[in-house]
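The block underneath contains the structure these notes are about, expressed in structure tokens.
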Amino acid sequence: MGGWAIAVHGGAGVDPNLPPQRQEEAKQLLTRCLNLGISALRSSLPAIDVVELVVRELESDPLFNSGRGSALTENGTVEMEASIMDGPKRRCGAVSGLTTVKNPISLARLVMDKSPHSYMAFAGAEEFARRQGVALVDNQYFITEENVGMLKLAKEANSILFDYRIPTVGLETCSAGAASVEAALQMNGLPISVYAPETVGCVVVDGQGRCAAGTSTGGLMNKMSGRIGDSPLIGAGTYAGELCGVSCTGEGEAIIRGTLSRDVAAVMEYKGLGLQEAVDFVIKERLDEGMAGMIAVSRNGEVAYGFNTTGMFRGCATEDGFMEVGIWE
């Protein structure tokens, strides 16, 4: 065993002109979440508990796209999704289409622990949440003034807007038409405006070598109601097994096609690659022109990340005292 390790992310794909203040706010939040996880790991909390704890913290802060601060659908509402996975027995729970659950990652945990199922969605998931007594809030709780403005811009551009936190000055051309901004980028063959999604996630290996992973998101700004991305899909946005734990972020449709998170574990198991080698291989070989990033830990206490976007909000720490928070390459 190599000791515990933890990594967090706030999304891959960052506007290169992101204001310094916004960058600093992101780094402070990631640092706060890392310190929360470090304290829990030093107290010998199991990996799965630490993942839930840290993702809840990310969901409660409106800076990134999960929980409060989630992206808005084309109808101006929030539909959230999340998943969590415990590596030792590959137990998992996932939820989609949540509109009132304050912390989606905790409902995903309850699906894993308190139901006979692995995945629940929309009205059924909301009813399960009520029966379990989790904290519920009005949908307006999740909606921020900033996101309302960004949805307006996306509708003016008649497009799905990936990075809804790019400063307004950078979106002036977007309102003139999606083709004028990153015209070469497509999703499932259809043009998109600006690429830079912001999902959140956490991966942990504890002192006993147990891996766990969790991912949570509000999805895409101006997405169609009912759209489900990679974040709640086990093996796509989230995966944990005996060898590693992985959380992905980026172009959901590409991550789904490539079963990205499971592929990291697969190439470690079947090709004998190390953790960073596996992450690099999957990012390079499995995205099929898609854009994404991931964080990962191994049962040996290693931590790794990779992305093919302009940046990824991320942080990691290990038991030997190493700690890093970054955005760019």
Test item: side-chain donor near acceptor, Thr217 and Thr199, under 3.5 Å
yes
Strictly by modelled atom types, are Ser96 and Tyr119 linked by a side-chain donor-acceptor pair under 3.5 Å?
yes
Are Met268 and Leu287 connected, step by step, through hydrophobic side chains (Ile, Leu, Val, Met, Phe, Trp, Tyr) whose heavy atoms are closer than 4.5 Å?
yes
Does a donor on one side chain sit under 3.5 Å from an acceptor on the other, for Ser83 and Thr238?
yes
Apply side-chain contact (heavy atoms from CB on, under 4.5 Å) to Met112 and Ile48, showing your working.
CA-CA 11 Å; Met112 180 179 77; Ile48 190 70; 4.0 Å; yes
Where the side chain of Asn103 meets the backbone of Gly67, is there a donor-acceptor pair that is under 3.5 Å apart?
no
In Å, rounded to the nearest 0.5 Å, how long is the span from CG of Asn65 to CG of Asn147?
7.5 Å
State plainly whether the residues Asp113 and Arg109 are in salt-bridge range, i.e. N to O under 4.0 Å.
yes
Check the side chains of Thr318 and Asp320 for a donor-acceptor pair under 3.5 angstrom, ignoring hydrogens and angles.
yes
Is Leu53 linked to Leu58 within one hydrophobic cluster, defined over Ile, Leu, Val, Met, Phe, Trp and Tyr using a side-chain heavy-atom separation of less than 4.5 Å?
no
Taking the side chain from Thr100 and the backbone from Leu136, do they hold a donor-acceptor pair closer than 3.5 Å?
no
Under a 4.5 Å cut-off applied to non-hydrogen side-chain atoms, are Glu324 and Val303 in contact?
no
Rounded to the nearest 0.5 Å, how far apart are CZ of Arg299 and CG of Leu243?
5.0 Å
Test your reading of the model: is there a side-chain donor-acceptor pair from Asn308 to the backbone of Ala292, 3.5 Å cut-off?
yes
Do side-chain atoms of Ser39 reach the backbone of Asn35 as a donor and acceptor pair under 3.5 angstrom?
no
How far apart are the closest heavy atoms of Leu34 and Ala317, and which atoms are they?
CD2-N, 4.2 Å
Hey, what do you get for CG (Leu220) to CG (Leu72), rounding to the nearest 0.5 Å?
12.0 Å
Any donor-acceptor pair under 3.5 Å linking the side chain of Gln276 with the backbone of Tyr305?
yes
Could you tell me if the side chain of Val54 sits less than 4.5 Å from the side chain of Ile6, heavy atoms only?
yes
Can you find a side-chain donor-acceptor pair between Glu79 and Thr73 that sits under 3.5 Å?
no
Can you tell whether the side chains of Arg227 and Glu74 come within less than 4.0 Å, N to carboxylate O?
no
Donor-acceptor pair, distance only, cut-off 3.5 Å: does the side chain of Asn139 make one with the backbone of Thr99?
yes
Among Arg68, Arg32, Arg56, whose salt bridge (charged side-chain N to carboxylate O under 4.0 Å, His left out) with Asp61 holds?
Arg32
Do Val203 and Met85 share a hydrophobic cluster (ILVMFWY, side-chain heavy atoms under 4.5 Å, transitive)?
no
Which atoms form the tightest heavy-atom contact between Ile228 and Glu81, and what is the distance?
CA-OE1, 3.6 Å
Quick check on the hydrophobic clustering: are Met291 and Leu260 connected, directly or via other members, by side-chain heavy-atom contacts under 4.5 Å?
no
Phe313: which residues meet the ring-ring contact (aromatic ring centres under 6.0 Å, His included) condition with it, sequence neighbours left out?
Phe64
I want to check something: taking the side chain as every heavy atom from C-beta on, are Ser261 and Met294 in contact at a cut-off of under 4.5 Å?
no
Could you grab the distance from atom CD1 of Ile327 to atom CD of Gln23, nearest 0.5 Å is fine?
4.5 Å
Using every non-hydrogen atom in the two residues, find where Val50 and Val204 come nearest and quote the distance to one decimal.
CG1-CG2, 3.8 Å
Strictly below 4.0 Å, N to O, side chains only: are Lys271 and Glu285 in salt-bridge contact?
no
Leu63 reachable from Leu30 in the ILVMFWY side-chain graph, under 4.5 Å edges
yes
Value for CD (Glu126) from CE (Met120), rounded to nearest 0.5 Å, stands at 10.5 Å
Main-chain N/O of Thr77 paired to Asn75 side chain as donor or acceptor, under 3.5 Å:
no
Value for OG1 (Thr259) from CZ (Arg286), rounded to nearest 0.5 Å, stands at 8.0 Å
Do Ile143 and Val78 have side-chain heavy atoms sitting under 4.5 Å apart?
yes
With the side chain counted from C-beta on, respond yes when Cys92 and Tyr239 share a heavy-atom pair under 4.5 Å apart, and no when they do not.
no
Residue pair Glu127, Arg130: steps toward the salt bridge (Lys or Arg N to Asp or Glu O under 4.0 Å) verdict
CA-CA 5 Å; Glu127 175 59 28; Arg130 285 189 287 272; 3.0 Å; yes
Ile295 vs Met312 side-chain heavy atoms within contact, under 4.5 Å
yes
Taking the side chain as every heavy atom from C-beta outward, state whether Arg314 and Phe307 have any atom pair closer than 4.5 Å.
yes
So Val134 and Ser106, do their side chains get closer than 4.5 Å, heavy atoms only?
no
For Asp86, all residues meeting side chain to side chain donor-acceptor pair (under 3.5 Å), sequence neighbours excluded:
none
Testing the basics here: between Glu302 and Leu275, what is the closest heavy-atom pair and its distance to 0.1 Å?
O-CD2, 3.6 Å
Pair Asp230, Cys248 - check side-chain contact (heavy atoms from CB on, under 4.5 Å), show working.
CA-CA 8 Å; Asp230 68 286; Cys248 295; 4.2 Å; yes
Please check this pair: side chain of Glu59 against backbone of Ile105, looking for a donor-acceptor N/O pair closer than 3.5 Å.
yes
Heavy-atom pair with the smallest gap, counting every atom of Trp328 and Val14:
CH2-CG1, 3.6 Å
Provide the closest heavy-atom pair for Val8 versus Cys202 in the form atom of the first, atom of the second, distance.
CG1-SG, 4.0 Å
